[in-house]
Amino acid sequence: MIMAEYEFFRREYKFQGKHARMVSEMWTVNDYEHTYFKRLLDLYILAAVIGIRIERKAKPDRSPFEARTIFGEQMSHAKEELDFIMQMMILLEPEKEENHEKQIERAFRGVETKEEFEKYNEMFEQYVLGGVEELYERLVVHKPDVDTEYQDDKTANLMELLERFSPKNM
């Protein structure tokens, strides 16, 4: 196997601006009663998958809000899962003037230039941020139907999200 010079997910990641605010409303350290995710890393991973799945991207926002950070060590521990998600993103991203064999090769050999590394890093971040926006809209902003069978909005929104992304609805 070729060892790539550029490796993804080796450094910390910071949610900034409006995305940091959104993340803060969905995740709080050790507040299991009000939070939707046990770890900020879990939110990051799910947001990436959802962003890629529904093809929703968002640009980074630099408005003033306290950043939310996933430490480099946490990113490294989840590197295998994150690399897999990155490979799927590369495979699913339509490339102009490229055949499928080259796309498959790029996904599994790793990037070899700084330009490729920056391109896919930026694209992955845009999908993560798009996924954060989707999760925020569905979990925080959305108000469930009045006749829902669940006792609280948090549970109702989680169940609607699960139904939306269940295999039978895809």
Side-chain angles (χ1 to χ4, degrees), residues 1-29 35-141 161 164-165 170:
M1 180 174 159
I2 299 171
M3 187 64 176
E5 182 178 338
Y6 298 98
E7 288 191 64
F8 298 103
F9 315 113
R10 288 287 184 195
R11 291 187 285 172
E12 72 180 20
Y13 180 80
K14 289 187 181 208
F15 288 102
Q16 298 179 342
K18 71 178 184 180
H19 297 102
R21 180 187 50 77
M22 291 175 182
V23 162
S24 294
E25 291 187 48
M26 293 186 284
W27 174 81
T28 305
V29 177
T35 195
Y36 287 94
F37 300 92
K38 184 175 181 181
R39 304 175 306 169
L40 184 54
L41 179 62
D42 298 330
L43 193 159
Y44 179 83
I45 291 170
L46 183 60
V49 170
I50 287 177
I52 293 165
R53 170 64 181 90
I54 64 172
E55 298 179 12
R56 182 169 179 175
K57 294 179 182 178
K59 299 279 186 199
D61 179 73
R62 305 288 184 229
S63 60
F65 194 86
E66 183 181 348
R68 302 301 296 217
T69 303
I70 304 171
F71 299 110
E73 184 177 336
Q74 291 174 301
M75 295 292 281
S76 290
H77 286 305
K79 185 171 179 3
E80 188 174 322
E81 293 87 355
L82 291 166
D83 281 342
F84 177 75
I85 296 167
M86 176 69 80
Q87 289 168 335
M88 293 303 103
M89 179 199 76
I90 293 170
L91 288 172
L92 295 171
E93 187 67 25
E95 290 286 335
K96 295 179 178 122
E97 305 170 18
E98 185 168 80
N99 63 36
H100 293 296
E101 289 82 21
K102 284 191 177 192
Q103 212 165 349
I104 292 167
E105 183 182 324
R106 180 175 291 113
F108 292 101
R109 75 165 154 71
V111 297
E112 294 177 334
T113 66
K114 183 178 180 180
E115 292 77 23
E116 280 183 320
F117 179 76
E118 289 172 355
K119 172 187 170 183
Y120 290 119
N121 229 4
E122 180 181 326
M123 188 183 309
F124 193 87
E125 180 180 35
Q126 288 176 355
Y127 278 124
V128 167
L129 299 178
V132 165
E133 291 177 2
E134 182 74 16
L135 287 167
Y136 181 78
E137 290 164 8
R138 291 184 176 274
L139 296 175
V140 177
V141 175
L161 182 72
R164 162 73 172 93
F165 292 105
M170 291 187 168

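The structure displayed is predicted, hence computed values, not measured ones. We use all heavy atoms of the structure for the numbers below, so side chains are in, but hydrogens, waters and symmetry mates are not. For reference, positions follow the sequence shown, starting with 1.
Here the shortest heavy-atom pairing between H19 and K59 reads CE1-O, 3.4 Å. Considering all non-hydrogen atoms of both residues, A20 and A67 come closest at CB-CA, 4.2 Å. Contact between I85 and A48 at its shortest, heavy atoms only, is CG2-CB, 4.1 Å. When every heavy atom of F65 is checked against every heavy atom of S24, the shortest pair comes out as CE2-OG, 3.8 Å. For the residue pair K18 and S63, the shortest heavy atom distance occurs at N-OG, 3.5 Å.
The environment of CD in E55 is sparse: at most 12 heavy-atom neighbours from other residues, nucleotides or ligands sit within 6.0 Å.
Every side-chain contact (heavy atoms from CB on, under 4.5 Å) that E12 has, sequence neighbours left out, goes to K14, T69, F71. In this view, I104 and L91, F108 satisfy the side-chain contact (heavy atoms from CB on, under 4.5 Å) rule, not counting sequence neighbours.
Between Y13 and Y44, the gap from one ring centroid to the other is short of 6.0 Å.
A salt bridge links R56 and E137; the closest N-O separation between the charged side-chain nitrogens and carboxylate oxygens is under 4.0 Å. Between R21 and E25, at least one side-chain N (NZ, or NE/NH1/NH2) sits under 4.0 Å from a carboxylate O, which counts as a salt bridge.
We find the CD-CG distance between Q16 and L129 to be 9.5 Å, quoted to the nearest 0.5 Å.
Residues E122 and E118 are not in side-chain contact: their nearest non-hydrogen atoms beyond the backbone lie 4.5 Å or more apart. In this structure the side chain of Y120 reaches within 4.5 angstrom of the side chain of I90, judged on heavy atoms.
Residue pairs meeting the salt bridge (Lys or Arg N to Asp or Glu O under 4.0 Å) criterion with at least one partner in residues 62-91, sequence neighbours excluded, are E7-K79, K79-D83.
Among the candidates V132, I52, V49, the single residue satisfying the side-chain contact (heavy atoms from CB on, under 4.5 Å) test with Y127 is I52.
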Query - Worked check of side chain to side chain contact (heavy atoms under 4.5 Å, CB included) between K119 and E115 - result: CA-CA 6 Å; K119 172 187 170 183; E115 292 77 23; over 6 Å; no

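In this structure, T28 contributes its side chain and T35 its backbone to no donor-acceptor pair below 3.5 Å. With Y36 contributing its side chain and L139 its backbone, the two residues share a donor-acceptor pair below 3.5 Å.
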